[in-house]
Every structure is written in C-alpha cells, then in structure tokens.
Peer 1: 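Sharing a structure here in structure tokens format.
To find a chain, count down the sequence lines: A is the first, B the second, and so on, and within it residues start at 1.
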Amino acid sequence: DAGVTQSPTHLIKTRGQHVTLRCSPISGHKSVSWYQQVLGQGPQFIFQYYEKEERGRGNFPDRFSARQFPNYSSELNVNALLLGDSALYLCASSLAVGGAVLDTQYFGPGTRLTVL
Amino acid sequence: AQKVTQAQTEISVVEKEDVTLDCVYETRDTTYYLFWYKQPPSGELVFLIRRNSFDEQNEISGRYSWNFQKSTSSFNFTITASQVVDSAVYFCALSEAYNNNDMRFGAGTRLTVKP
C-alpha cells in the first residue's frame with residue numbers, strides 16, 4: 001500500500017510570494033496533520049483536519065491556512081512568505097477511527113521549502 | 001503544557017555497541033501517549049512505537065527496546081548491537097488525551113553509528 005505522499009518535493013520561493021503544498025493520506029485514513037520542521041529542530045504542529053473540518057491549530061500566524069478535500073487529501077497554504085518560513089513541511093495521516101484523531105500518525109517524505 | 005526533552009543532542013557509537021536515547025516528558029494529563037520516530041537523512045519520519053500512559057510494560061522489538069517509567073516521566077529507547085543503518089535522528093513525542101491534536105516533539109537526538 002502507498003504511504004503518505006507529498007508534492008512537490010522541493011520548492012524555492014521569494015519573500016512575499018504564496019505557496020501551496022499538497023498531501024495525500026494513506027488509503028483509508030481520514031485525518032491529516034501538518035507540521036513544520038526547521039533545520040535542527042523537532043517538528044512543530046500546524047494543523048489537524050478530520051473529515052474536512054479543522055480539529056486543531058498550532059501557534060502559527062494567519063498566513064498559514066489549510067483545507068481537506070472530500071477524498072481526504074489536503075493542502076497547506078502559506079501567504080506572504082518570510083525567510084523564516086524556510087523549513088521541511090511534513091504531512092501525517094492517521095486512521096482516526098470513530099473520530100479518535102489521536103491514532104498513530106504516519107508521515108510523508110515532506111516538502112522542503114526555501115524562501116529567498 | 002506538554003513538553004518533551006531529549007537532552008542528548010548527538011551520540012556517536014561504534015557498530016555493535018548498545019546505545020540508549022533518553023526522553024523525559026512533562027504533562028498534567030493522566031491520559032497521554034508517547035511515541036518514538038526515526039528520521040533518516042531522506043527526511044521521512046518513520047514510526048517506531050506508541051505507548052499509552054496506562055501501559056508501563058517495557059517492550060522489545062528485535063534490537064529495539066523501550067523503557068517507560070511514569071515515576072521518572074521517562075520513555076527511553078535502547079538499540080542493542082547498533083548497526084550503521086541505525087544512523088538517524090530519533091524523536092520522542094507526546095500527545096495528551098485532552099489536547100490530542102497537538103503532538104509535541106522533542107528536539108531529537110542524532111545518532112551516528114560508525115563501522
């Protein structure tokens with residue numbers, strides 16, 4: 001079975017631009033979470049979606065937004081990019097059976113975003 | 001608020017040595033979940049284990065073993081007879097039952113296994 005997939009793999013943007021990152025969960029998984037991992041640090045939680053609804057949000061500015069589609073795939077959008085947004089963006093999916101969004105999360109390979 | 005501390009930033013061992021990665025956590029919740037993930041150079045986080053707060057039994061999986069002690073709020077990970085392929089960054093993480101949308105990671109421990 002395919003794991004979590006993310007696109008693109010790498011991305012280079014300039015300050016002030018907008019970016020959209022995409023994630024497809026493992027088949028059957030209904031919950032998707034997004035994390036930002038700055039070099040040398042652990043991942044930081046950005047958003048969690050379950051059944052197309054936002055279930056959690058981390059401490060990130062409103063420039064960050066996300067959505068989940070009927071097929072459970074998800075997009076992360078970042079507006080007005082800053083140099084500090086340069087990071088590896090990880091998507092994770094979980095079964096979330098019965099809405100138990102605390103199920104084990106399985107991660108994709110990430111999108112490495114560089115902001116110049 | 002939940003917090004995970006991995007005090008060891010980097011560890012270097014020679015192949016076949018045993019190595020223990022430390023993880024200390026803080027939480028006010030009585031129901032919580034602990035995880036270990038491995039991040040090889042490719043970047044993808046690989047799930048290794050999940051423990052809930054009610055299950056303090058230690059676990060062994062091949063060369064990997066985990067020691068969960070609520071009394072000291074620790075969840076340590078030991079690799080026996082390390083191999084070069086074990087070289088990676090290892091993350092400990094915590095999720096609280098009442099704040100389960102926010103999985104909190106430690107800063108990670110970079111393990112290098114030399115041949």
Peer 1: Just checking A:R15: does its CZ atom have more than 12 heavy atoms from other residues, nucleotides or ligands closer to it than 6.0 angstrom?
Peer 2: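 Counting other residues, nucleotides and ligands, CZ of A:R15 stays at 12 neighbours or fewer.
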Peer 1: Please determine whether residues B:Y90 and B:I11 belong to a single hydrophobic cluster, defined as Ile, Leu, Val, Met, Phe, Trp and Tyr linked transitively by side-chain heavy-atom distances below 4.5 Å.
Peer 2: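 Shared cluster, yes.
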Peer 1: Which distance, rounded to the nearest 0.5 Å, do you find between the CD of B:Q39 and the CZ of A:F107?
Peer 2: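 Taking CD in B:Q39 and CZ in A:F107, the distance rounds to 9.5 Å.
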Peer 1: Give the minimum heavy-atom separation between A:P43 and B:L45, together with the two atoms involved.
Peer 2: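 Nearest heavy atoms, A:P43 then B:L45: CG-CD1, 3.7 Å.
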Peer 1: About how many Å separate CD1 of B:I49 and OG1 of A:T104, when rounded to the nearest 0.5 Å?
Peer 2: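 These two atoms lie 10.0 Å from each other.
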Peer 1: Evaluate whether atom CG of A:N71 has more than 12 neighbouring non-hydrogen atoms of other residues, nucleotides or ligands under 6.0 angstrom away.
Peer 2: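 More than 12 within 6.0 Å, yes.
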Peer 1: Determine whether B:V24 and B:W66 fall in the same hydrophobic cluster, where Ile, Leu, Val, Met, Phe, Trp and Tyr are linked whenever their side-chain heavy atoms lie under 4.5 Å apart.
Peer 2: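 In one cluster: no.
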Peer 1: Compare every heavy atom of A:F45 with every heavy atom of B:M103, then report the nearest pair and how far apart it is.
Peer 2: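 Looks like O-CB, 4.4 Å.
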Peer 1: Please indicate whether A:L39 has more than 12 foreign heavy atoms, meaning atoms of other residues, nucleotides or ligands, lying under 6.0 Å from its CG.
Peer 2: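 Open.
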Peer 1: What part of A:Q6 is in contact with chain B, defined as an atom under 4.5 angstrom from a non-hydrogen atom: side chain, backbone, both or neither?
Peer 2: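 Neither part.
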Peer 1: Hey, could you give me each pair passing ring pair (Phe, Tyr, Trp, His ring centres under 6.0 Å) that has a residue in residues 63-91 of chain A? Not counting sequence neighbours.
Peer 2: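 For residues 63-91 of chain A: A:F60-A:F64.
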Peer 1: Counting neighbours of NZ on A:K52 that are heavy atoms of other residues, nucleotides or ligands and sit closer than 6.0 Å, is the number greater than 12?
Peer 2: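 Yes, because the 6.0 Å sphere around NZ of A:K52 holds more than 12 heavy atoms from other groups.
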Peer 1: Treat each ILVMFWY residue as a node, draw an edge where side-chain heavy atoms are under 4.5 Å apart, and state whether A:I46 and A:L11 are in one component.
Peer 2: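 Looking at the clustering, A:L11 is in the same group as A:I46.
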Peer 1: Atom NZ of residue position B:K16 - does it have more than 12 heavy atoms of other residues, nucleotides or ligands inside 6.0 Å?
Peer 2: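 Atom NZ in B:K16 is not crowded, with 12 or fewer foreign heavy atoms closer than 6.0 Å.
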Peer 1: Mind ranking A:G58, A:G108, A:G110 by heavy-atom pairs under 4.5 Å with chain B and telling me who comes out on top?
Peer 2: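 Result: the option with the highest number of such pairs is A:G108.
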Peer 1: Counting only non-hydrogen atoms closer than 4.5 Å, can you tell me which residues of residues 51-61 of chain B sit against chain A?
Peer 2: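 Hits under 4.5 Å: none found.
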Peer 1: Who among B:Y37, B:F91, B:F105 has the most heavy-atom pairs with chain A under 4.5 Å?
Peer 2: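 Ranked by heavy-atom pairs under 4.5 Å with chain A, first place is B:F105.
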Peer 1: Rounded to the nearest 0.5 Å, what's the gap from CD on A:Q105 to CZ on B:F35? Could you check?
Peer 2: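 A:Q105 CD to B:F35 CZ: 7.0 Å, rounded to 0.5 Å.
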Peer 1: Should A:V4 and B:F47 be regarded as members of a common hydrophobic cluster, given that ILVMFWY residues are connected when their side-chain heavy atoms come within less than 4.5 Å of each other, either directly or indirectly?
Peer 2: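 They do share one cluster, since a chain of ILVMFWY contacts under 4.5 Å joins A:V4 to B:F47.
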